[in-house]
Amino acid sequence: MTAPTGPNTTDVPAAPHIADVPPYEIRARHTGTTVTVYQAYRPDLGLPAARDGRFPEAWKRDRMTWIKPSFLWMMYRCGWGTKEGQETVLAVEITREGFDWALEHAELSHYARGVHPDRDTWRRNLRRAPARVQWDPERDLRLDRLPHRSLQLGLSGEAARRYADEWTVSIRDVTPLARRVHGLVREGRLDEAGALLPVESPYPLGGAPVPDRTATRP
C-alpha cells in the first residue's frame with residue numbers, strides 16, 4: 001500500500017522557492033493530531049510491522065532508532081529501498097504529542113559553540129536525553145544536497161519504547177511508492193516523480209534544538 005500522494009513540495013534545486021527555505025526547518029506530512037515519519041527495515045521486520053500496524057516483538061526497544069520526517073532524505077539513506085537491510089520502507093504515523101515530546105526532550109547530536117556552554121555539559125546532556133536531533137542536508141529528487149537541512153530524530157530508552165508502543169498510530173509499506181518515484185527519476189521524468197511525493201509542509205520547531213537559532217526564521 002502506498003502513501004497518499006499530492007503536489008511536489010520538495011522540488012529539484014532549480015525551483016525558485018528553495019532559497020526561501022530556512023536553514024533549519026522541520027518539514028513533514030502532518031495533520032492536527034499526527035506526524036508521518038519514515039524508516040527502512042529488512043523485510044522480515046518491516047513487512048510484519050506494516051501488516052499489523054505496529055512494531056513486532058522482534059523490534060528492539062532497547063536500541064536507538066532514527067526517524068525521518070523527510071521522504072526524500074529517507075530515500076537518500078536507504079537508496080530508494082535498495083540497500084541491504086533497508087529493503088522495506090515504512091511510513092509510520094505517530095501522534096503529534098509524542099513527536100513534540102521527543103523534540104522537547106532532545107539534545108543535539110553534536111557539540112555546537114554558542115548553544116552549549118562547554119563540551120562536558122553537552123556530553124552530560126546527551127547521555128541523559130532520550131532523544132537526539134541531527135540536521136543533515138535535505139535532498140532533491142536526484143538525492144543531491146539542498147542548501148537547507150532536514151531533521152533526523154534519534155530515539156532511545158523511554159522515547160524508543162513509547163514510539164513503538166504508545167505513539168504509533170499506523171504503519172504503511174511505502175516501498176512500491178519509493179520504487180515508482182525512483183523509476184520516474186531514472187527516466188528523467190522529474191515532474192511526474194515530484195507529483196507523487198508525499199506533501200510535506202513546515203512543522204513547528206517547538207523545543208527542537210538547532211545549532212544556530214539565529215539561522216531560523218519564524
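Positions are given from 1 along the sequence. Atoms considered below: every heavy atom in the structure, side chains included; atoms not considered: hydrogens, waters and symmetry mates.
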Least distance between heavy atoms, [X] atom then [Y] atom:
{"X": "Glu200", "Y": "Pro69", "result": "OE2-O, 3.4 Å"}
{"X": "Glu87", "Y": "Glu84", "result": "OE2-CA, 3.5 Å"}
{"X": "Val185", "Y": "Ala193", "result": "CG2-CB, 3.8 Å"}

Whether [X] side chain and [Y] backbone form a donor-acceptor pair below 3.5 Å:
{"X": "Thr31", "Y": "Thr33", "result": "yes"}
{"X": "Thr175", "Y": "Val89", "result": "yes"}
{"X": "Arg27", "Y": "Glu25", "result": "yes"}
{"X": "Thr36", "Y": "Ala91", "result": "no"}
{"X": "Trp135", "Y": "Pro209", "result": "yes"}
{"X": "Glu104", "Y": "Ala102", "result": "no"}

For the pair Met74 and Gln86, evaluate side-chain contact (heavy atoms from CB on, under 4.5 Å) and give the outcome as yes or no after the intermediate values.
CA-CA 10 Å; Met74 184 71 256; Gln86 301 184 61; 4.1 Å; yes

hydrophobic_cluster_shared for [Y] and [X], side chain cutoff 4.5 Å:
{"X": "Leu103", "Y": "Trp122", "value": "no"}
{"X": "Tyr38", "Y": "Leu196", "value": "yes"}
{"X": "Leu45", "Y": "Val37", "value": "yes"}
{"X": "Tyr111", "Y": "Val115", "value": "no"}
{"X": "Leu184", "Y": "Leu72", "value": "yes"}

With a 4.0 Å cut-off, would you call Arg161 and Asp62 a salt bridge?
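A salt bridge is absent here (no side-chain N lies under 4.0 Å from a carboxylate O).
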
Taking atom NZ as the centre, does Lys83 end up with more than 12 heavy-atom neighbours from other residues, nucleotides or ligands that are less than 6.0 angstrom away?
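Enclosed: over 12 neighbouring heavy atoms sit under 6.0 Å from NZ of Lys83.
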
Any side-chain donor-acceptor pair under 3.5 Å between [X] and [Y]?
{"X": "Glu107", "Y": "His116", "value": "yes"}
{"X": "Trp59", "Y": "Tyr41", "value": "yes"}
{"X": "Arg96", "Y": "Tyr203", "value": "yes"}
{"X": "Thr168", "Y": "Glu93", "value": "no"}

Beyond-backbone contact of [X] with [Y], side-chain heavy atoms, under 4.5 angstrom:
{"X": "Thr65", "Y": "Tyr163", "answer": "yes"}
{"X": "Arg149", "Y": "Trp73", "answer": "no"}
{"X": "Pro211", "Y": "His110", "answer": "yes"}
{"X": "Thr34", "Y": "Ile94", "answer": "no"}
{"X": "Asp100", "Y": "Pro204", "answer": "no"}
{"X": "Val174", "Y": "Leu90", "answer": "no"}
{"X": "Phe55", "Y": "Asp165", "answer": "no"}
{"X": "His30", "Y": "Ser201", "answer": "yes"}

Could you go through the side-chain contact (heavy atoms from CB on, under 4.5 Å) check for Arg142 and Leu190 one step at a time?
CA-CA 9 Å; Arg142 296 188 182 93; Leu190 298 185; 3.2 Å; yes

Nearest 0.5 Å, please: how far is CG in Leu197 from CG in Leu177?
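Leu177 atom CG to Leu197 atom CG measures 7.5 Å (nearest 0.5 Å).
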
If I take atom CG from residue Leu146 and atom OG from residue Ser70, how far apart are they, to the nearest 0.5 angstrom?
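If we round to the nearest 0.5 Å, Leu146:CG and Ser70:OG are 9.0 Å apart.
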
I would like to know whether Trp66 and Gln134 meet side-chain contact (heavy atoms from CB on, under 4.5 Å); could you show each step before the answer?
CA-CA 10 Å; Trp66 290 87; Gln134 185 166 308; 4.0 Å; yes

Taking the six-membered ring of Trp101, is the NZ or CZ of Arg162 close enough (under 6.0 Å from the centre) and on axis enough (within 45°)?
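Positive - Arg162 is close enough to the ring of Trp101 and near enough to its axis.
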
Glu192: which residues meet the salt bridge (charged side-chain N to carboxylate O under 4.0 Å, His left out) condition with it, sequence neighbours left out?
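Salt bridge (charged side-chain N to carboxylate O under 4.0 Å, His left out) list for Glu192, sorted by chain: Arg189.
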
Given the rule in the side chain to side chain donor-acceptor pair (under 3.5 Å) test, do Asp140 and Tyr76 qualify, once you have shown the distances and angles that lead to the verdict?
CA-CA 9 Å; Asp140 65 16; Tyr76 166 74; over 6 Å; no

